[in-house]
Structures are given as C-alpha cells and as structure tokens.
Amino acid sequence: MHTNYARISNISATLSSCMMALLAAIALSSFLFTADPKGDLHVASVQVVPGNARRYANKHQEFAFVNFNVTADLSPLFNWNTKQVFLYLGAEYTNKQGVVNEVVIWDKIVRNKEDARLDVSGRNKYVFRELSTSFNPPANYTLKYNVMPYVGVLTYGEAARTLEPVAFPQQHQL
Amino acid sequence: MNNYVNQLIEGKIDFEGQKKVEEIVRNTLIGTTVVSFALGFVLQSLRVTFGTFGLSAVVLLLVAVPQWPMYNRNPVEWLPIKEAKESEKK
C-alpha cells in the first residue's frame with residue numbers, strides 16, 4: 001500500500017473477489033423463485049405426406065405437417081436473473097419398431113416479461129420426418145421450456161401437454 | 001520538476017495512511033457488495049446491482065489510490081545522522 005501501484009493492485013484483487021461473491025449470491029438467489037406456469041396446447045390438424053429419404057431416392061419416408069395453437073402465460077418465470085426463456089414444442093411417440101421418439105417441431109426464444117404471454121398459432125418450423133418409413137401410433141405433443149439465467153443453473157419444465165394422443169392420418173393406398 | 005512528477009507517480013504514503021487506506025478499501029468493498037445485491041434484489045433489476053457496484057468501485061479508486069494529504073499526516077520520524085566512527089573508515 002506504499003505506492004500507487006500497490007494500492008491499485010490490492011484494490012483490484014479485492015474487487016474481483018467481491019464480484020465473484022456477488023455473482024454467486026445472484027446465482028443462488030434464483031432458487032428462491034419457484035414458478036410452475038401452465039398453458040394450453042391444441043393440435044388443429046396433422047397432414048401426412050409421402051416422400052423420400054434425403055440421401056436414398058428409393059427409400060420411402062413420410063413427412064408430417066402439424067398445425068397447432070398454443071396459449072400460455074409464462075411471465076412467472078421472469079425474475080431479475082432470467083435472461084431468456086427457450087420454448088419448444090415436441091412430439092413424443094413410439095414408432096412401429098418400438099423406438100421412442102421425441103421430435104422438436106417448433107421453438108421460440110422469449111426475452112422479456114411482456115412477450116411471455118403467448119398466443120401462437122403456427123405450423124411446424126422444422127421438418128417432421130419419420131425415419132423408419134411411416135408414422136403409425138398416435139403422438140403426444142408437449143410444450144416445454146428452458147429458463148436461461150444471467151448467472152447460474154439452467155432449469156427445465158413442461159408447460160402444456162395434449163390431453164389425448166393425436167393420431168396421424170393414414171395414407172390411402174395409391 | 002522532474003522530481004515532483006516522479007513523486008506523484010510513485011505516490012508514497014506513510015504507515016498510518018496505509019493502515020487507513022487498507023481499512024477504507026476493505027470496508028467499502030464489503031459494504032458495496034452487500035448494498036448492491038440488496039438494492040438489486042428488492043428492485044428486481046440486475047442493472048441496478050451492477051450499476052451501483054461499478055459506481056462505488058470508481059469512487060473507491062478515486063478516494064484510495066491518489067496520494068491525498070490526509071494519508072501523509074504522520075510522516076516517519078527518522079533518527080539524526082550518526083557521525084561515522086574513525087575505526088570504520090579504512
């Protein structure tokens with residue numbers, strides 16, 4: 001502390017330790033905010049279209065187009081430490097071979113509390129393709145969210161689920 | 001002139017001043033951490049937290065780093081120069 005340099009060095013070291021303690025406190029404060037918002041998810045229509053695999057033109061795969069409506073109020077998730085909330089709509093089903101699939105067909109990033117009151121009707125953003133030839137058993141659609149803090153741990157949750165499984169329309173033989 | 005600038009850059013302060021600076025720095029930083037967390041938590045804004053923290057850090061640097069006269073109030077009392085003994089001058 002006897003020269004300017006020594007004082008600056010000492011102050012910056014203590015300052016960075018205090019800053020780390022502050023960040024740890026902010027990360028821990030996220031655990032005080034527990035919210036479990038719920039919403040409604042309704043699948044308006046599903047259309048299945050035949051097509052081919054990307055690489056093998058002879059291999060038959062089916063494509064599904066899903067139109068849905070989502071209403072949810074996710075504003076309880078926003079506290080001082082929430083940077084953004086990542087929402088995704090997934091389709092869960094078990095195909096004929098017995099493989100359990102969860103396909104994300106739509107997502108959205110919500111950055112502030114005002115945008116968190118959702119009322120979206122859309123169709124799938126991403127290609128919904130069944131790799132093993134055809135869709136058969138019905139699928140459950142779920143709306144899940146991932147809360148991303150400024151400092152701290154990521155948390156996940158489920159906001160909505162279709163009440164009964166939604167069936168895929170059967171292809172008529174050509 | 002050169003000597004004055006050198007002294008300013010070095011910024012030496014006496015021991016009582018050093019003790020005072022140490023005290024000021026430690027108390028201010030701990031206090032700032034607690035106050036900025038509390039303010040931000042109550043107002044639910046991270047901007048408030050880091051704003052107050054940054055502002056206090058700048059003010060602390062201005063108060064504690066330069067060689068202010070209050071840190072030089074107790075200069076060291078050096079003993080008078082002793083005459084060198086004849087036997088040591090070989």
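Residue numbering restarts at 1 for every chain, and letters A, B, ... go by the order of the sequence lines.
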Honestly curious: do [X] and [Y] fall in one hydrophobic cluster under the side-chain, below-4.5 Å linking rule?
X: A:Tyr88; Y: A:Val166; value: no
X: A:Ile8; Y: A:Met19; value: yes
X: B:Val35; Y: B:Ile24; value: no
X: A:Leu89; Y: A:Val120; value: yes
X: A:Val147; Y: A:Leu28; value: no

Is it the case that over 12 heavy atoms from other parts of the model lie below 6.0 angstrom from the [atom1] atom of [X]?
X: A:Gln97; atom1: CD; value: yes
X: A:Tyr5; atom1: OH; value: no
X: A:Leu163; atom1: CG; value: no
X: A:Lys125; atom1: NZ; value: yes
X: A:Arg111; atom1: CZ; value: no

- Message: Using heavy-atom distances under 4.5 Å, tell me whether A:Ile26 contacts chain B through its side chain, its backbone, both, or neither.
- Response: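 When you check distances to chain B, atoms from both the backbone and side chain of A:Ile26 fall under 4.5 Å.
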- Task: Go through the atoms of A:Phe33 and report whether side chain, backbone, both or neither lie under 4.5 Å from a heavy atom of chain B.
- Result: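 Contact with chain B involves the side chain of A:Phe33 alone.
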- Which of the residues A:Ile11, A:Asn10, A:Val151 is involved in the greatest number of heavy-atom pairs with chain B at under 4.5 angstrom?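 Top option by heavy-atom pairs under 4.5 Å: A:Ile11.
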Least distance between heavy atoms, [X] atom then [Y] atom:
X: A:Trp80; Y: B:Phe41; value: CZ3-N, 3.4 Å
X: A:Asn4; Y: B:Leu8; value: ND2-O, 3.2 Å
X: B:Leu46; Y: A:Tyr150; value: CD1-CD1, 3.4 Å
X: B:Glu22; Y: A:Met1; value: CA-CE, 3.8 Å

- Taking every heavy-atom pair that is under 4.5 Å apart, which of B:Ile30, B:Val65, B:Thr28 has the most such pairs with chain A?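 Going by pairs under 4.5 Å, I would pick B:Val65.
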- Name the member of B:Ile13, B:Thr32, B:Leu61 that forms the most heavy-atom pairs with chain A at distances under 4.5 Å.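 Between B:Ile13, B:Thr32, B:Leu61, the count favours B:Ile13.
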- Got a donor-acceptor contact below 3.5 angstrom from the A:Arg7 side chain to the B:Val21 backbone?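 Answer holds: no.
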- Query: After noting the C-alpha distance and the side-chain angles of A:Leu22 and B:Ser36, does the key distance pass the side chain to side chain contact (heavy atoms under 4.5 Å, CB included) rule?
  - Reply: CA-CA 9 Å; A:Leu22 183 66; B:Ser36 58; 4.1 Å; yes
Could you tell me which portion of [X] (side chain, backbone, both or neither) has an atom closer than 4.5 angstrom to a non-hydrogen atom of chain A?
X: B:Leu43; answer: neither
X: B:Ser45; answer: backbone
X: B:Phe53; answer: side chain
X: B:Thr49; answer: side chain

- Can you measure from CD (B:Gln44) to OG (A:Ser29) and round to the nearest 0.5 angstrom?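 Going from CD on B:Gln44 over to OG on A:Ser29, the span is 7.5 Å.
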